[in-house]
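Notes follow the structure.
As a basis for the values below, the full set of heavy atoms in this structure was taken, side chains included, without hydrogen atoms, waters or symmetry mates.
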Amino acid sequence: RAISLLEDQEAGPEEQPGELVEPVQPDWRAGQLGLGLDPERGLALLVAQEAPDVEDEEVDPDTLATARLWLRLPQLAAFSRRGMELVTAGRPLCAMCGLPMDPAGHLCPRKNGKSPVF
């Protein structure tokens, strides 16, 4: 979405995203993203709000973390490219069941007897 938003804008010289430092341990996971554009200033606003814990049914939205980032258009383009790389790379797949694995672990249906043997 951000790349199509930038197509009509003069972004300036292309920028490359910085390298991620392993291990990447997020403080929180984003649940909602918003994107705005100020073409006169050549800036974009990216707003990310924390995803509530799925186990916590009564979450006050005011307690969720929110990040607001003003980005130059070349920064937004680099951010968008990095995001697309990460999304297309996906998560590692379990060798036994083929389902994506989370960094926190994986409850494999092939190991716990809840899936028929293929």
Side-chain angles (χ1 to χ4, degrees):
R1 174 93 177 125
I3 293 173
S4 64
L5 181 71
L6 295 173
E7 288 175 350
D8 297 333
Q9 303 299 317
E10 297 225 3
E14 186 174 318
E15 293 188 18
Q16 297 300 317
E19 293 300 317
L20 295 175
V21 178
E22 297 288 337
V24 177
Q25 295 296 324
D27 290 331
W28 48 272
R29 185 174 281 190
Q32 293 184 11
L33 293 176
L35 187 62
L37 179 65
D38 183 344
E40 282 122 28
R41 293 175 50 203
L43 294 173
L45 174 64
L46 177 67
V47 180
Q49 185 177 37
E50 180 181 11
D53 189 355
V54 293
E55 297 172 1
D56 191 359
E57 296 177 8
E58 296 182 24
V59 176
D60 179 7
D62 294 334
T63 64
L64 298 174
T66 301
R68 289 176 184 82
L69 307 168
W70 284 98
L71 303 167
R72 293 184 321 276
L73 299 183
Q75 287 177 308
L76 180 60
F79 179 80
S80 296
R81 282 192 305 277
R82 170 60 59 84
M84 290 302 294
E85 289 172 13
L86 294 173
V87 168
T88 56
R91 294 180 288 173
L93 301 178
C94 174
M96 292 186 71
C97 70
L99 294 173
M101 297 187 302
D102 288 326
H106 170 65
L107 208 75
C108 180
R110 298 285 305 266
K111 287 179 105 175
N112 68 13
K114 295 191 180 206
S115 176
V117 177
F118 294 90

Quick one: salt bridge (Lys or Arg N to Asp or Glu O under 4.0 Å) partners of Asp53, sequence neighbours excluded? none
Which residues, ordered by chain and number, are linked to Val59 in its hydrophobic cluster, where ILVMFWY side chains connect at heavy-atom gaps below 4.5 Å, directly or through other members? Leu64
Nearest heavy-atom approach of Leu43 to Leu73 is C-CD2, 4.1 Å
Please list, chain by chain and in numerical order, all residues satisfying side-chain hydrogen bond (donor to acceptor under 3.5 Å, both in side chains) with Glu40, sequence neighbours excluded. none
If I take atom CZ from residue Arg81 and atom CD from residue Gln16, how far apart are they, to the nearest 0.5 angstrom? 5.5 Å
Would you please name every residue forming a side chain to side chain contact (heavy atoms under 4.5 Å, CB included) with Ala30, sequence neighbours left out? Trp28, Leu33, Ala48
Report the residues that fulfil side chain to side chain contact (heavy atoms under 4.5 Å, CB included) with Val47, sequence neighbours left out, ordered by chain and then residue number. Leu45, Thr66, Arg68
Could you go through residues 85-104 and list every donor-acceptor pair under 3.5 Å that involves a side-chain atom there, pairing it with any protein atom two or more places apart or in another chain?
{"unit_1": "Thr88", "atom_1": "OG1", "unit_2": "Met84", "atom_2": "O", "d": "2.9"}
{"unit_1": "Thr88", "atom_1": "OG1", "unit_2": "Glu85", "atom_2": "O", "d": "3.1"}
{"unit_1": "Arg91", "atom_1": "NH1", "unit_2": "Asp102", "atom_2": "OD1", "d": "2.3"}

Residues in side chain to side chain contact (heavy atoms under 4.5 Å, CB included) with Ala51, at least two apart? none
Atom OG of Ser80 and atom CG of Leu35: how far apart are they, to the nearest 0.5 Å? 7.5 Å
How long is the span from the CG atom in Leu46 to the CD atom in Gln75, to the nearest 0.5 Å? 11.0 Å
